[in-house]
Protein chains: 2
Amino acid sequence: MKYSKIPEATIRRLSRYSRCLEEMEQAGEEVVSSAQLATRCMVNAAQVRKDLAYFGEFGIRGVGYYVKDLHNDIKKILGSNKEWRMALIGIGNLGSALLSYKDFLKQNYKIVAAFDIDPPKVIGRVSEKLGKPVEVLHINHLKEVARERRIEIGLITTPPSEAQVVANLLVEAGVRGLLNFAPTQIVVPEGFMAKDVFFTTILDNLAYLLSNP
Amino acid sequence: MKYSKIPEATIRRLSRYSRCLEEMEQAGEEVVSSAQLATRCMVNAAQVRKDLAYFGEFGIRGVGYYVKDLHNDIKKILGSNKEWRMALIGIGNLGSALLSYKDFLKQNYKIVAAFDIDPPKVIGRVSEKLGKPVEVLHINHLKEVARERRIEIGLITTPPSEAQVVANLLVEAGVRGLLNFAPTQIVVPEGFMAKDVFFTTILDNLAYLLSNP
DNA sequence: TTCAATTTGTGACCCCTTTCACAAAGGATG
DNA sequence: CATCCTTTGTGAAAGGGGTCACAAATTGAA
């Protein structure tokens, strides 16, 4: 298949396939058909095949896909076969919550630094949970620490008014991936990637659906 | 314009417009054109007008839209002009995080109950943050408490293996809106609404974008 | 070896969303 | 009141993603 721009929806589904395949692998299943995987992920079987076709041929006609191989291939496509090192900026309600309970993240995503601008928070504030605690540093040190600790993704949990400022700092520090939890649009230059996670938007969406049956 | 099924993307954008309009309202701006709003929300101007056209005519030709009025209209459309009462089920890492984070939610979304199945967690475990602490109750009381406290939305933060079980309980308790944080698909009957929030998926998405520049 | 059964990969079609472009409508000015 | 300017609302066109249906490939059995 000729390569073209890959739909974002395809990437999201690959992530789902990956999760299902992981379960299947652990369950000892060796081969899976597009139809089986589709049922499990609640999508169309042709969709599964087409999604995969963007990246190559992974199946065997008349047989299906080898679970383990396909899982590895998808992880390689997604880039989720490596460890991603992340920094969290903004130790307010959400920030400290995420930091304290950071172990909810998948194995390959690690928060290895935390920053804030407010001195009182910075002094001696550490997460008390399992695993290594992450000390909260002053935002001034972002640039140097980002390089030292090879940060690749920044989690922005500041108030909305500061989100763009922090985004700029991250960009300047060479952090190419930004996950923005602050309910405001941020802009990043070419080559940098910003994704939004707005609970507000999702809740509004749900509220709309409930209000309009 | 004739009414038809409204795209989900439209609803998401309305949520964005609403946020921008709120800022504008606070800034004292009285009138806004579709072009201005579009720039601010980083979408196409025709898109703004078409999104609004699904629900009626809100503007004045040659003038634009009255900020305050449009904001109210959109809130009415989204159903975000009322208070939504929510329950959180599953007090693990993420659950406790969200419970602490709850004051960060918009005014009109309130967590008014929390549940878990694990007795040790249930005994005296409360969030220590500002505002009224929410006591964690045993999941057995979900049905009665949901009715008492008029719960309309359930936040599922259990391990994936329990997500569907909890979803069923919520459905049985008449909770029509479900927000699922557990990385697994859940199914709900006609008339109920389930939305997923998978950090994993969003991070995978970002990882993909970073891996494939 | 041949034939039947199975399942992939993909071209073609369809539907939905977005963008374009313009007529219609309101406001301002003289 | 007439004219000009601005901006909305919307039909039409374009673009993209999803589904269908089938040829190609593989396996297994006769």
Side-chain angles (χ1 to χ4, degrees), chain A residues 1-17 20-21 24 29-71 73-74 77 201 205 208-209, chain B residues 1-17 20-21 24 29-71 73-74 77 185 201 205 208:
Chain A
M1 190 193 206
K2 54 175 175 291
Y3 14 111
S4 53
K5 240 213 314 273
I6 286 119
E8 216 182 282
T10 291
I11 303 302
R12 272 201 299 275
R13 282 189 298 270
L14 284 180
S15 188
R16 259 203 259 175
Y17 304 156
C20 285
L21 288 166
M24 290 176 173
E29 298 172 54
E30 299 201 335
V31 177
V32 65
S33 71
S34 60
Q36 291 171 311
L37 187 55
T39 305
R40 186 126 176 191
C41 295
M42 298 198 254
V43 298
N44 183 294
Q47 184 83 75
V48 171
R49 297 198 296 275
K50 188 138 269 191
D51 283 337
L52 295 173
Y54 280 111
F55 301 97
E57 307 198 357
F58 302 98
I60 300 164
R61 295 175 190 220
V63 179
Y65 303 86
Y66 290 114
V67 172
K68 199 176 159 73
D69 291 351
L70 185 59
H71 188 207
D73 287 332
I74 291 182
I77 292 166
T201 303
N205 211 307
Y208 167 78
L209 292 171
Chain B
M1 189 192 206
K2 55 174 174 292
Y3 14 111
S4 53
K5 237 208 323 266
I6 285 117
E8 216 183 283
T10 291
I11 302 302
R12 271 200 301 274
R13 281 190 298 269
L14 285 180
S15 187
R16 260 202 261 174
Y17 304 156
C20 285
L21 289 166
M24 290 175 173
E29 298 173 53
E30 299 200 338
V31 176
V32 66
S33 71
S34 60
Q36 291 171 311
L37 188 54
T39 305
R40 186 124 175 192
C41 296
M42 297 197 258
V43 299
N44 183 295
Q47 184 83 75
V48 170
R49 297 197 297 274
K50 190 137 269 191
D51 283 337
L52 295 174
Y54 280 110
F55 301 97
E57 305 197 359
F58 303 97
I60 301 163
R61 296 176 189 221
V63 179
Y65 304 86
Y66 291 114
V67 172
K68 200 176 158 73
D69 292 350
L70 185 59
H71 188 207
D73 288 331
I74 291 182
I77 292 166
Q185 299 295 309
T201 303
N205 211 308
Y208 167 77

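In what follows, every heavy atom counts, from backbone to side chain, and hydrogens, waters and symmetry copies are set aside. Lettering of chains follows the sequences in order, A, B, ..., and the numbering in each one begins at 1.
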In whole angstrom, what separates [X]'s [atom1] from [N]'s [atom2]?
| X | N | atom1 | atom2 | answer |
| --- | --- | --- | --- | --- |
| A:D69 | C:dT8 | CG | P | 15 Å |
| A:L52 | D:dG17 | CG | P | 16 Å |
| B:Q47 | D:dG9 | CD | C1' | 14 Å |
| B:D51 | D:dG9 | CG | C1' | 13 Å |
| A:Y54 | C:dT8 | OH | P | 18 Å |
| A:M42 | D:dT19 | CE | C1' | 19 Å |
| A:Y66 | D:dT27 | OH | C1' | 11 Å |
| B:F55 | D:dT10 | CZ | P | 14 Å |

Would you say B:Y17 and B:D51 are linked by a side-chain donor-acceptor pair, where the criterion is simply a distance under 3.5 Å? yes
Looking only at side-chain atoms of A:A53, point me to the closest of C:dT10, C:dT19, C:dT18.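 Nearest listed nucleotide: C:dT10.
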Between B:A46 and A:T10, just flag the one whose closest nucleotide in DNA chain D comes earlier from the 5' side. B:A46
More 5' along DNA chain D: A:N44 or B:G56, using each one's nearest nucleotide? B:G56
How far apart are the closest heavy atoms of B:V67 and B:V31, and which atoms are they?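 For B:V67 and B:V31, the tightest heavy-atom pair comes out as CG2-N, 3.8 Å.
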Would A:L37 and A:C20 count as a side-chain contact (heavy atoms from CB on, under 4.5 Å) if you check the C-alpha gap in whole Å, the side-chain angles of each, and the deciding distance to 0.1 Å? CA-CA 8 Å; A:L37 187 55; A:C20 285; 4.0 Å; yes
Could you go through the side-chain contact (heavy atoms from CB on, under 4.5 Å) check for B:I77 and B:Y54 one step at a time? CA-CA 10 Å; B:I77 292 166; B:Y54 280 110; over 6 Å; no
I'd like to check A:V43 versus A:R16 (side-chain heavy atoms, cut-off strictly below 4.5 Å). Are they in contact?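 A side-chain contact under 4.5 Å exists here.
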Look at the side chain of A:K5 against the base of D:dG17 and say whether a donor-acceptor pair falls under 3.5 Å; ignore hydrogens and angles.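 Donor-acceptor pair under 3.5 Å: no.
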Would the base of D:dT19 count as contacting A:K50 through its side chain, where contact means a donor and an acceptor less than 3.5 Å apart?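 For A:K50, whose side chain was compared with the base of D:dT19, there is a donor-acceptor pair (under 3.5 Å).
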Stepwise side-chain contact (heavy atoms from CB on, under 4.5 Å) test for B:L14 and A:Y208: CA-CA 10 Å; B:L14 285 180; A:Y208 167 78; over 6 Å; no
Between N or O atoms, less than 3.5 Å apart, protein on one side and nucleotides 4-8 of chain D on the other: list the pairs.
from, atom 1, to, atom 2, distance (Å)
D:dT7, O4', B:G62, N, 3.1
D:dT7, O2, B:G62, N, 3.2
D:dT8, OP1, B:S34, N, 2.6
D:dT8, OP2, B:S34, OG, 2.7
D:dT8, O2, B:R61, NH1, 3.3

So what does B:A45 hit on the nucleic acid, given a heavy-atom distance under 4.0 Å: a base, only sugar-phosphate, or nothing? nothing
Test A:R12 against A:E8 for side-chain contact (heavy atoms from CB on, under 4.5 Å), laying out the working first. CA-CA 6 Å; A:R12 272 201 299 275; A:E8 216 182 282; 3.4 Å; yes
